[in-house]
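Whatever order the structure lists them in is the order used to number ligands and atoms, beginning at 1. Excluded from the calculations below are hydrogen atoms, water molecules and symmetry mates; all remaining heavy atoms, backbone and side chain alike, are included.
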Amino acid sequence: MSRETVYVQQCKGVNGLDKIILREVRGFSCEVYLYGGQITSWKNELGEELLFVSGKANFKPPKSIRGGIPICFPQFSNMGSLEQHGFARNRLWTLDPNPPPFPTNSTSRAFIDLILTNSEEDTKNWPHRFEFRLRIALGPGGDLMMTSRIRNTNTDGKSFTFTFAYHTYFYVTDISEVRVEGLETLDYLDNLKNRERSTEQGDAITFESEVDKTYVSTPTKIAIIDHERKRTFVLRKDGLPDAVVWNPWDKKAKTISDLGDDEYKHMLCVEAACVEKAITLKPGEEWKGRQEISAVPSSYCSGQLDPRKVLLNH
Ligand code: BG6
């Protein structure tokens, strides 16, 4: 990268949709579509893609984009009356002309502020006014930070309630060789069994069939270890007590029109979320939820992966 790094560049993406590219000096980059306020690419300094986006993804409103980091708001899943995962991922966000100060300890110059407010159409299905401010920042070390601030701007005195998730699709080399650490022994709701509550057993989470679980009250750090690539993703979250883990595996993948039959092998969703206990905001109140992800080389100790070391060091 030259000395004149362009930290923030606005351009056109697939199908002429508006896209913003964030770049950092060492070569890290990230791409964000205004459609959905959705990150669709996050690359390390070698130009390797760290997020999964399906080769069959629709970049055509009103469909959502399969992959990257869709924003699920004001509803995660289909638990209420709204469309699955809410409408935020299917709306055109705008650049926020007047962002509030976002306290940050990072010196990032590669960031953007987006805003979504209710359309008249939205208020028919969800009769509330809101301001959803999203800051996306790429740190100098390549870490990707997302901060959501949601404010109730109702003028009728009414509170509103919502659930939320950063639906992150991590790119993995081979799902059968992936381990997730930080969720073992926790309680989860099994979305494949009508949200039945169970407790996770065992050492770490590995994958050999379809998984769709909402872990509740999780620690703030989760590690996703891609053994084959010797890479560990570290996810940190704040204000988001839950974590959804999803992989459709082969049969379900075949039923998803915008996912290739074999693509499930290269994706894993680990989603910082607030699902079990919905958030309620009174008029004028604001909620904040943060996710930060980084990708680091996995540490090996006498041939053995030691993710705890990675977690301690980062
Ligand atoms: C996950 C849910 O977060 O998203 C799954 O837990 C769901 O139940 C998956 O199938 C994909 O949802 P969608 O609406 O993007 O196909």
Side-chain angles (χ1 to χ4, degrees), residues 33 35-40 51-91 125-126 146 148 162-172 175 178 180 183 186-198 200 205 207 209-218 222 224 233 235 237 240-278 289 291 293:
Y33 275 74
Y35 180 61
Q38 188 160 335
I39 296 176
T40 54
L51 295 178
F52 168 86
V53 175
S54 169
K56 293 174 84 179
N58 291 300
F59 284 79
K60 265 195 204 124
K63 293 201 168 141
S64 56
I65 302 167
R66 171 78 56 201
I69 312 186
I71 304 282
C72 304
F73 170 82
Q75 168 181 289
F76 175 80
S77 190
N78 53 6
M79 287 181 256
S81 54
L82 292 170
E83 62 214 85
Q84 156 102 340
H85 290 336
F87 50 72
R89 64 177 178 166
N90 303 325
R91 294 291 177 274
N125 300 321
W126 200 66
M146 304 173 78
S148 291
F162 64 94
T163 50
F164 179 94
Y166 291 114
H167 195 313
T168 308
Y169 286 75
F170 290 97
Y171 176 83
V172 296
I175 184 69
V178 170
V180 174
L183 302 176
L186 296 184
D187 278 8
Y188 64 88
L189 311 176
D190 195 337
N191 299 319
L192 299 176
K193 292 186 186 157
N194 217 6
R195 304 195 176 95
E196 191 181 288
R197 199 177 181 109
S198 307
E200 194 64 68
I205 288 137
F207 302 89
S209 59
E210 183 181 0
V211 176
D212 191 351
K213 295 176 176 174
T214 302
Y215 292 87
V216 297
S217 307
T218 76
I222 299 168
I224 299 128
F233 295 105
L235 184 156
K237 58 194 179 67
L240 296 159
D242 308 324
V244 180
V245 176
W246 179 61
N247 184 291
W249 219 254
D250 56 349
K251 267 204 212 108
K252 179 68 73 61
K254 289 198 175 84
T255 69
I256 303 176
S257 62
D258 55 350
L259 188 68
D261 288 358
D262 286 332
E263 285 187 322
Y264 74 92
K265 294 177 184 165
H266 304 298
M267 57 158 276
L268 177 64
C269 289
V270 179
E271 313 168 32
C274 189
V275 175
E276 198 207 13
K277 291 190 192 102
Q291 161 172 294
I293 51 179

Can Ile205 and Glu200 be said to form a side-chain contact (heavy atoms from CB on, under 4.5 Å), step by step? CA-CA 9 Å; Ile205 288 137; Glu200 194 64 68; 4.1 Å; yes

Within the structure, is a non-hydrogen atom of Lys213 found at a distance of less than 4.0 Å from ligand 1?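 The answer is no: ligand 1 sits nowhere under 4.0 Å from a heavy atom of Lys213.
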
Should we say atom NZ of Lys56 is surrounded by more than 12 heavy atoms from elsewhere, each under 6.0 Å from it?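 Atom NZ in Lys56 is crowded, with more than 12 foreign heavy atoms closer than 6.0 Å.
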
Any side-chain donor paired with an acceptor under 3.5 Å for Thr214 and Glu276?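 On atom types as modelled, these side chains do not qualify, holding no pair under 3.5 Å.
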
Less than 3.5 Å apart, any donor N or O on the side chain of Lys193 or Ser198 sitting next to an acceptor on the other?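 Distance-only check fails for Lys193 and Ser198.
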
What atoms in ligand 1 come closer than 4.0 Å to a heavy atom of [X]?
| X | result |
| --- | --- |
| Phe76 | 3 (O), 6 (O) |
| Arg66 | 11 (C), 13 (P), 15 (O), 16 (O) |
| Glu271 | 1 (C), 3 (O) |
| Arg89 | 13 (P), 14 (O), 15 (O) |
| Gln84 | 7 (C), 12 (O), 13 (P), 14 (O) |

Using distance only, find each side-chain donor-acceptor pair of residues 63-76 under 3.5 Å and give its atom names and separation, not counting sequence neighbours.
unit_1: Arg66; atom_1: NE; unit_2: Asp258; atom_2: OD1; d: 3.0
unit_1: Arg66; atom_1: NH1; unit_2: Tyr169; atom_2: OH; d: 3.0
unit_1: Arg66; atom_1: NH2; unit_2: Asp258; atom_2: OD1; d: 3.1
unit_1: Gln75; atom_1: OE1; unit_2: Gly80; atom_2: N; d: 3.0
unit_1: Gln75; atom_1: OE1; unit_2: Leu82; atom_2: N; d: 3.4
unit_1: Gln75; atom_1: NE2; unit_2: Ser77; atom_2: O; d: 3.0
unit_1: Gln75; atom_1: NE2; unit_2: Leu82; atom_2: O; d: 3.1
unit_1: Gln75; atom_1: NE2; unit_2: Glu83; atom_2: O; d: 3.1

If hydrogens are left out, which of Leu189, Asn247, Val245, Asp212 has an atom nearest to atom 8 (O) of ligand 1, that is, the closest non-hydrogen atom?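 Nearest option to atom 8 (O) of ligand 1, by heavy atoms: Asp212.
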
Please classify the His167 to ligand 1 contact at 4.0 Å (heavy-atom distances, strictly less than): side chain, backbone, both or neither.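 It is the side chain that gets close, since no backbone atom is under 4.0 Å.
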
So which protein heavy atom does atom 11 (C) of ligand 1 come closest to, and at what separation?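 It is Trp246 CH2, 3.5 Å.
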
According to the interplanar angle, ranging from 0 to 90°, do the rings of Tyr188 and Tyr215 count as parallel (below 30°), tilted (30 to 60°) or perpendicular (above 60°)?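 If you compare the ring of Tyr188 with that of Tyr215, the planes turn out tilted.
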
Between Tyr35 and Phe59, does the ring centre distance come in under 6.0 Å?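 No - the distance between ring centres of Tyr35 and Phe59 does not fall below the 6.0 Å cut-off.
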
